[in-house]
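Okay, so here's the structure we're looking at.
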There are 2 protein chains.
Amino acid sequence: MPAQAKVAKVEASTSQPASPPLTERQEARRRRILHASAQLASRGGFDAVQMREVAESSQVALGTLYRYFPSKIHLLVATMQDQLEHMHGTLRKKPPQGETAAERVAETLMRAFRALQREPHLADAMVRALTFADRSVSPEVDQVSRQTTVIILDAMGLENPTPEQLSAVRVIEHTWHSALITWLSGRASIAQVKIDIETVCRLIDLTDPTATGKPS
Amino acid sequence: MPAQAKVAKVEASTSQPASPPLTERQEARRRRILHASAQLASRGGFDAVQMREVAESSQVALGTLYRYFPSKIHLLVATMQDQLEHMHGTLRKKPPQGETAAERVAETLMRAFRALQREPHLADAMVRALTFADRSVSPEVDQVSRQTTVIILDAMGLENPTPEQLSAVRVIEHTWHSALITWLSGRASIAQVKIDIETVCRLIDLTDPTATGKPS
DNA sequence: ATCAAGTCTGAAACTTGTTCTAGATTAGCG
DNA sequence: CGCTAATCTAGAACAAGTTTCAGACTTGAT
């Protein structure tokens, strides 16, 4: 186990309030916890992430784990934030090829989807936590949502989205989450998820102010 | 998860396999349970639906409760089925007024949304259960999904939807569920939910084979 | 180096979903 | 009616998330 965290100071690359700055050892603990969480999740999904096991795996007392992440849901949402950052970096490297914004967004989401397919259990744990989260986790869930929005807007290649476009993006995110859930719970095939994503992405063209009603 | 009793599954008015027919007392027990579930949920949402309390409220032993509904999630999803049937009946009575299919669907969903607003805690419990459900609840969740589809197709006034239209309907359902969640967890306003629903409903016009690209 | 405040640890306790058991009731049938 | 299998009941027991607590360890400032 690589238990080495060098950790520059500073908080995550994305804007975060960051309450009290963490010491180096604390940052290391935090990383160990997130790593253990992702690892256990990869093995057996949501249920396999047991707080006692996470604590043991990351060599931290149970109470400490709860000091860092006030609930299992918080922990998994944080794990998702972590993975999303990763993915955003990866996606940035090879921008999508599509002609239209709709195609590029669909391509990006399908790429993300394929990444999730490689670790379906991990995906299960993260997505279930995300949708199960109650108000007490709103800030964290919102952060995930913002990050997703950024990824989609990136794929669209937009600087100044109109309110209409933002609504379309929200709808795309809704579809993305919900389609993921139906796939994870075995109620929809991969092909169906693909179709749904492509379908919803058509909304983008519909709200594109530069194109004047392009018939399909 | 092991163990499955050969329990009863009831036949809702809508098509269902329905294992063994229930006796009258059993049917009554089942109703008491669902009633208690909805009542507790209305009070305090998902967390307030505690299996021991449901059992007590419905005058049934805990073991019996589990024989009827193999988990809390099953119970809440069944509660949702129940409420949905109710709502479908109500909606049928006053069909939506809109000119276009998109308008009628949006109107119908907003009407449903307002009904949920009247019992936000109940909505919370049902929707959280629905999205948290794992594979073991797939049949039941699927049933809810089918029922929702029927409601939407009803509003569209369609007999023979094309595959494209079915996909649009699925996307609308995705948006509906997910928007509901963001509202329930306080991350989106009612106004925003309305906008998102109206936005996604535009997909319907986009897939309407009888209209040839009506610009808004 | 020292002290106060804040953190971390290990362990036990508490909560609520779920399972199990032994005995009472009920339903269907001859 | 009387029997047998299925169902129901009360209650204990178990599992995993969460809380709590006393004591050991770190940290930051003096």
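In what follows, every chain begins at residue 1, and chains take the letters A, B, ... in the order their sequences are listed.
- In this structure, the CG atom of A:D134 is 14 Å from the C1' atom of D:dT18, given to the nearest Å.
- Residue-to-nucleotide proximity on DNA chain C shows that, of A:R67 and B:I73, the 5′-proximal contact is made by A:R67.
- Rounded to whole Å, the distance from CZ on B:R128 to P on C:dG17 is 13 Å.
- As judged by a 4.0 angstrom heavy-atom cut-off over every strand, A:F69 is placed among residues making no nucleic acid contact.
- Side chain of B:T64, nearest nucleotide from C:dT9, C:dT18, D:dC8: D:dC8.
- For B:R92 (side chain) and B:I151 (main-chain N/O), no donor-acceptor pair under 3.5 Å exists by modelled atom type.
- Put simply, the side chain of A:R104 never gets that close to the backbone of A:P96: no donor and acceptor are under 3.5 Å apart.
- B:F69 places a side-chain heavy atom less than 4.5 Å from the side chain of B:L34.
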Taking only N/O atoms, report every protein-nucleotides 11-16 of chain C pair under 3.5 Å with atom names and distance.
unit_1	atom_1	unit_2	atom_2	d
C:dA13	N6	A:R52	NH2	3.4
C:dT16	OP1	B:Q50	NE2	3.1

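- Per the geometry, OH belonging to A:Y66 stands 13 Å off C1' belonging to D:dT20, to the nearest Å.
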For this session: Starting at the 5' end of nucleotides 24-30 of chain C, put B wherever the base has a protein heavy atom under 4.0 Å, S where only the sugar-phosphate does, and a dash everywhere else.
Result: --SS---

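- We find that NE2 of B:H74 is positioned 11 Å from P of C:dT19, with the value rounded to whole Å.
- Residue pairs meeting the side chain to side chain donor-acceptor pair (under 3.5 Å) criterion with at least one member in residues 170-182 of chain A, sequence neighbours excluded, are A:S145-A:E173, A:T149-A:E173, A:R170-B:D196, A:H174-B:S178, A:H174-B:D196, A:S178-B:H174.
- Here OG of A:S71 is found 7.5 Å from OH of A:Y66. Values are rounded to the nearest 0.5 Å.
- As a whole-Å value, the separation of A:L40 CG from D:dG17 P is 11 Å.
- The environment of CD in B:Q59 is sparse: at most 12 heavy-atom neighbours from other residues, nucleotides or ligands sit within 6.0 Å.
- Considering only side-chain N and O atoms, A:Y68 lies under 4.0 angstrom from the phosphate OP1 or OP2 of C:dC8.
- Between the side chain of B:K72 and the main chain of B:V49, a donor-acceptor pair closer than 3.5 Å is present.
- Within the 4.0 Å cut-off from OP1 or OP2 of D:dC8, at least one side-chain nitrogen or oxygen of B:Q26 is found.
- Residue contacts shown for A:Q59 are limited to sugar-phosphate atoms, with no base heavy atom under 4.0 Å away.
- A:Q143 places none of its side-chain heavy atoms less than 4.5 Å from the side chain of A:V77.
- Computed from coordinates, the B:L65 CG to C:dT19 P distance equals 11 Å when rounded to whole Å.
- Of the residues listed (B:I73, B:L76, B:V141, B:V137), the one engaging B:L130 in a side-chain contact (heavy atoms from CB on, under 4.5 Å) is B:V141, and it is the only one.
- Atom CZ of A:R30 is separated from atom P of C:dT7 by 16 Å (rounded to the nearest Å).
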